[in-house]
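The chain is numbered in sequence order, starting from 1. Hydrogens, waters and symmetry mates are skipped; everything else that's a heavy atom, side chains included, is used.
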Amino acid sequence: MEAAGRAQAARGRVPRIDPYGFERPEDFDYAAYEEFFSAYLAILTRRAIKWSRLLKGGGAVQRSMTVKRYIRKGIPLEHRARVWMGVSGAQARMDRNPGYYQRLLQGERSASLEEAIRTDMNRTFPDNVRFRKDAEPCLQGPLYNVLLAYGHHNHGVGYCQGMNFIAGYLILVTKSEEEAFWLLDALVGRILPADYYSPSMLGLKTDQEVLGELVRTKLPAVAALMDSHGVLWTLVASRWFICLFVDVLPVETVLRVWDCLFSEGSKIIFRVALTLLKHHQASILEATSVPDLCEKFKEITRGRFVTECHSFMQALSRFQSC
């Protein structure tokens, strides 16, 4: 009864909608989250003070060992867009190409591209109040524009499912269509391997094969279990890669992962995957069938380990050699 009372009290104190506009699920553990966040808030406050000192004076954020160290410890939300734009090179590209984003929107038309993007609008974050048609303002319009502009910018990619979730997060963080566009360009065009979102998805398939080899080296028991059931990594981990953990891990954890992704590159994706597998190895090895194994892979992206984003990111350090 006492635990139930604490949970009910926490439910009253923790908002039902998170700071990014996402509704918390029905089974959300309010008490555990409140316990975590009360400690994390102190960390955020300390980091915010240090970041404010570092960024004092304005100007673009430049890569350095100090910036890299700060990024690994987390970027406060109020500085995140500026830091991402700086360390990814997106700010420099935007500055060199004034008006380019608007020209893309006002230029050529492609009925097939427009229809492909429009089809995915209502499927993008149905649990986020800011992307609903009755929201004021509704972020579906900016999302459509960013994806349309990118499709015209990169004809080799056009539009691929998964990009809508990535662009959506970029809009939530930057609150700017143009900055979201240039960050999407940094991710798809430079940070991720080539052909990640092309029709062949060759880069994506290659990365999944690389993950398989890393697991074979670092977690051989998990690799042996996958082999014994004939389960390919494309079955259990495709969404991890194609959505960069959006709608897979909790929002704040994804953003902490992306802090490092923009700074250090796509190797972070492998570190996240290996951290999840390492932490849950004992549970995964209990699987006795393919459906059981698939369920285990869903379970490892939920719970306290991934919700407590600061300790999760600290756990990634074990795989810094990847």
> Where do Tyr70 and Lys50 come nearest, in terms of heavy atoms and distance?
Replying inline: CE2-O, 3.7 Å
>> Is the ring pair His310/Tyr40 parallel, tilted or perpendicular, if the boundaries are 30 and 60 degrees?
In response: tilted
>> For Asp227 and Arg216: C-alpha separation, side-chain torsions, deciding distance, then whether salt bridge (charged side-chain N to carboxylate O under 4.0 Å, His left out) applies.
In response: CA-CA 10 Å; Asp227 290 342; Arg216 200 174 302 283; 2.7 Å; yes
>> Applying salt bridge (charged side-chain N to carboxylate O under 4.0 Å, His left out) to Glu252 and Arg80, what does each step give before you reach the verdict?
In response: CA-CA 12 Å; Glu252 191 61 43; Arg80 190 164 259 142; 3.5 Å; yes
> Given the side-chain rings of Tyr20 and Phe125, with only the six-membered ring counted for Trp, is the space between their centroids under 6.0 Å?
Replying inline: no
>> Less than 6.0 angstrom separating the ring centers of Phe270 and Trp240, yes or no?
In response: no
>> I'd like to check Val231 versus Leu225 (side-chain heavy atoms, cut-off strictly below 4.5 Å). Are they in contact?
In response: no
> Can you check salt bridge (charged side-chain N to carboxylate O under 4.0 Å, His left out) on Glu295 and Arg302, steps first, answer last?
Replying inline: CA-CA 11 Å; Glu295 186 57 34; Arg302 300 193 290 258; 3.7 Å; yes
> Would Glu264 and Arg271 pass as an ion pair if we require N to O under 4.0 Å?
Replying inline: yes
> Going by distance alone, is a donor N or O of one side chain under 3.5 Å from an acceptor N or O of the other, for Thr66 and Ser64?
Replying inline: no
> So is Arg93 actually on top of Tyr100's ring, under 6.0 Å and inside 45° of the axis?
Replying inline: no
> Do Arg47 and Lys73 come within less than 4.5 Å of each other through their side chains, counting heavy atoms only?
Replying inline: yes
>> Any side-chain to backbone donor/acceptor pair from Thr217 onto Glu213? Under 3.5 Å, distance only.
In response: yes
> Heavy-atom count around Lys296 NZ within 6.0 Å, excluding the residue itself: above 12?
Replying inline: yes
> Counting only N and O atoms by type, is there a donor-acceptor contact under 3.5 Å from the side chain of Arg63 to the main-chain atoms of Ser263?
Replying inline: yes
> Do the side chains of Ser266 and Pro193 get nearer than 4.5 Å, heavy atoms only?
Replying inline: yes
> Has the side chain of Asp259 got a donor or acceptor atom that lies under 3.5 Å from a matching backbone atom of Ile75?
Replying inline: yes
>> So which atom in Met226 and which in Val236 form the shortest heavy-atom distance, rounded to 0.1 Å?
In response: CE-CG2, 3.8 Å
> Hey, does Tyr30 have a side-chain heavy atom less than 4.5 Å from the side chain of Arg16?
Replying inline: yes
> With a distance cut-off below 6.0 Å to the six-membered ring centre and an angular limit of 45° from the axis, does Arg304 pair with Phe36 as a cation-pi contact?
Replying inline: no
>> Ring-plane angle category for Trp182 and His153, please: parallel below 30°, perpendicular beyond 60°, tilted otherwise.
In response: perpendicular
>> Parallel, tilted or perpendicular, judged at 30° and 60°: which one describes the rings of Phe28 and Tyr33?
In response: tilted
> Within the side chain of Asp185, is there an N or O that forms a donor-acceptor pair under 3.5 Å with the backbone of Phe181?
Replying inline: no
> So, Asn164 and Thr124: side-chain donor and acceptor under 3.5 Å apart, yes or no?
Replying inline: yes
>> Just so I know, are the side chains of Leu105 and Gln102 near enough to count as touching, which here means a heavy-atom distance under 4.5 Å?
In response: yes
> Can you say whether the rings of Tyr196 and Phe241 are parallel (under 30°), tilted (30 to 60°) or perpendicular (over 60°)?
Replying inline: tilted
>> I'd like to know if the side chain of Asp120 pairs up with that of Tyr159 as donor and acceptor (distance under 3.5 Å, no hydrogens or angles considered).
In response: yes
> Between Thr253 and Leu249, is there a donor-acceptor pair closer than 3.5 Å when you use the side chain of the first and the backbone of the second?
Replying inline: no
>> Between Glu23 and Arg132, is the salt bridge (charged side-chain N to carboxylate O under 4.0 Å, His left out) condition met? List the steps.
In response: CA-CA 12 Å; Glu23 294 178 320; Arg132 291 176 185 163; 2.8 Å; yes
>> Contact between Arg96 and Gln91 at the side-chain level, heavy atoms closer than 4.5 Å - yes or no?
In response: no
> Val146 pairs by side-chain contact (heavy atoms from CB on, under 4.5 Å) with which of Leu184, Leu183, Ile117?
Replying inline: Leu184
> Side chains of Tyr169 and Leu244: does their closest heavy-atom pair fall under 4.5 Å?
Replying inline: no
>> Any heavy-atom pair between the side chains of Leu187 and Trp84 that's under 4.5 Å?
In response: no
>> For a quick check under 3.5 Å, do Asn154 and Tyr150 share a side-chain donor-acceptor pair by atom type?
In response: yes
